[in-house]
6 protein chains.
Amino acid sequence: MPYISIESGKLSAEQKKQLIERLTAAASEITNIPVQFFTVTIKELPDENFGIGGKSIDEIKRNYERKV
Amino acid sequence: MPYISIESGKLSAEQKKQLIERLTAAASEITNIPVQFFTVTIKELPDENFGIGGKSIDEIKRNYERKV
Amino acid sequence: MPYISIESGKLSAEQKKQLIERLTAAASEITNIPVQFFTVTIKELPDENFGIGGKSIDEIKRNYERKV
Amino acid sequence: MPYISIESGKLSAEQKKQLIERLTAAASEITNIPVQFFTVTIKELPDENFGIGGKSIDEIKRNYERKV
Amino acid sequence: MPYISIESGKLSAEQKKQLIERLTAAASEITNIPVQFFTVTIKELPDENFGIGGKSIDEIKRNYERKV
Amino acid sequence: MPYISIESGKLSAEQKKQLIERLTAAASEITNIPVQFFTVTIKELPDENFGIGGKSIDEIKRNYERKV
């Protein structure tokens with residue numbers, strides 16, 4: 001019954017498969033709750049919809065590229 | 001003011017309408033809070049982004065089809 | 001695997017039991033997904049931590065009582 | 001480390017930029033936690049997936065237009 | 001109907017009041033949606049339950065104090 | 001900036017430390033995003049507030065004990 005939610009940028013199919021598999025395995029081992037009780041959801045958000053330090057990832061990337 | 005969030009796979013317009021209507025009605029009746037104070041959000045996720053027991057729904061469906 | 005999350009004020013044990021039971025039953029019927037795949041979580045928040053229209057429930061209740 | 005999540009209908013790029021910037025700034029000022037520790041996510045949902053008072057925004061808009 | 005959720009450490013009653021008031025006001029102004037449609041929830045979490053960079057806030061604070 | 005949220009029953013301080021550390025490490029490795037950008041929150045819920053298959057964990061445990 002534990003529930004794990006991951007919010008991130010765009011991911012590949014393989015990365016999503018790995019996240020579900022490995023986060024469930026680690027959390028199951030730590031909590032002693034069998035893997036079959038775990039639900040995992042992954043929400044992929046565009047760079048414009050994710051902010052850190054008051055700036056969107058989109059903006060951070062553009063500023064970074066301008067400097068390089 | 002209560003807030004209900006539903007995360008699931010792809011749904012039809014009619015299923016979403018029903019979920020909003022009936023979950024609000026049931027929760028309103030149980031909590032004695034008038035329906036107008038309820039907010040409901042529905043997040044539809046691709047099968048690759050939803051895991052149960054460490055496997056994505058996508059993978060579970062493919063394994064199931066292989067067996068049948 | 002669908003996941004339903006409810007955020008509300010303080011609830012009785014009976015209200016929580018009913019919410020889990022009836023919201024799962026309604027959502028299962030609407031989505032055609034068996035009840036055993038549903039996870040429900042209930043987050044009870046103090047009146048100070050819940051706002052509507054820019055005011056906390058706590059404040060709304062106090063203003064209301066003052067008027068009565 | 002505080003985390004702010006916004007769920008709304010469709011927004012423009014400028015609105016999302018403003019939400020990230022101004023909500024982080026206000027919350028940082030109120031909590032005395034530097035802006036760099038804030039994460040903000042914005043989830044844009046279709047009108048069919050957002051309900052208020054047991055009706056979807058989609059339905060509310062259609063009823064409103066019918067009356068006008 | 002927009003929904004704003006804030007997750008942070010322990011806050012004072014005044015900080016919570018301010019967060020609800022000012023984040024609603026800013027988001028209302030940016031989205032052109034009247035304040036009365038906004039719901040805000042604040043989840044206060046213990047330092048042990050909040051991690052950044054793989055360490056809990058609790059651990060980060062203890063390491064910091066040790067150095068000073 | 002990725003955000004991981006874990007909802008479960010009551011956990012020990014050591015389990016929470018491990019969840020933050022190991023889930024961040026695994027997700028960082030899979031996504032190639034440095035650990036310092038990860039935020040993790042853990043919400044511990046009473047057995048009455050967590051449901052699976054339409055029954056609360058509280059009820060499931062009591063039924064189980066009755067049978068044994």
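Numbered from 1 within each chain, the chains take letters A, B, ... in sequence-line order. Owing to the predicted nature of the structure, the values given are computational and were not obtained by experimental measurement.
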For the student: nearest non-hydrogen atoms of C/L23 and B/A27, plus distance | CD1-N, 4.1 Å
Side chain to side chain, B/I30 and C/L11, heavy atoms closer than 4.5 Å = no
Say you draw a straight line from CD1 of C/I33 to OG of B/S8; how long is it, rounded to the nearest 0.5 Å?
-> 6.5 Å
Stepwise side chain to side chain contact (heavy atoms under 4.5 Å, CB included) test for C/I52 and B/F37 | CA-CA 9 Å; C/I52 183 157; B/F37 291 113; 4.1 Å; yes
Counting only N and O atoms by type, is there a donor-acceptor contact under 3.5 Å from the side chain of B/E7 to the main-chain atoms of C/P2?
-> no
Does B/R22 reach the side chain of C/E29, with side-chain heavy atoms less than 4.5 Å apart?
-> yes
What is the minimum heavy-atom distance between B/F50 and C/Y3, and which atoms define it?
-> CZ-N, 4.4 Å
When the 4.5 angstrom heavy-atom criterion is applied to B/L45 and chain C, the contacting part is neither
Reported CD1-to-CD1 distance for the pair B/I42 and C/I4, which is rounded to 0.5 angstrom = 10.0 Å
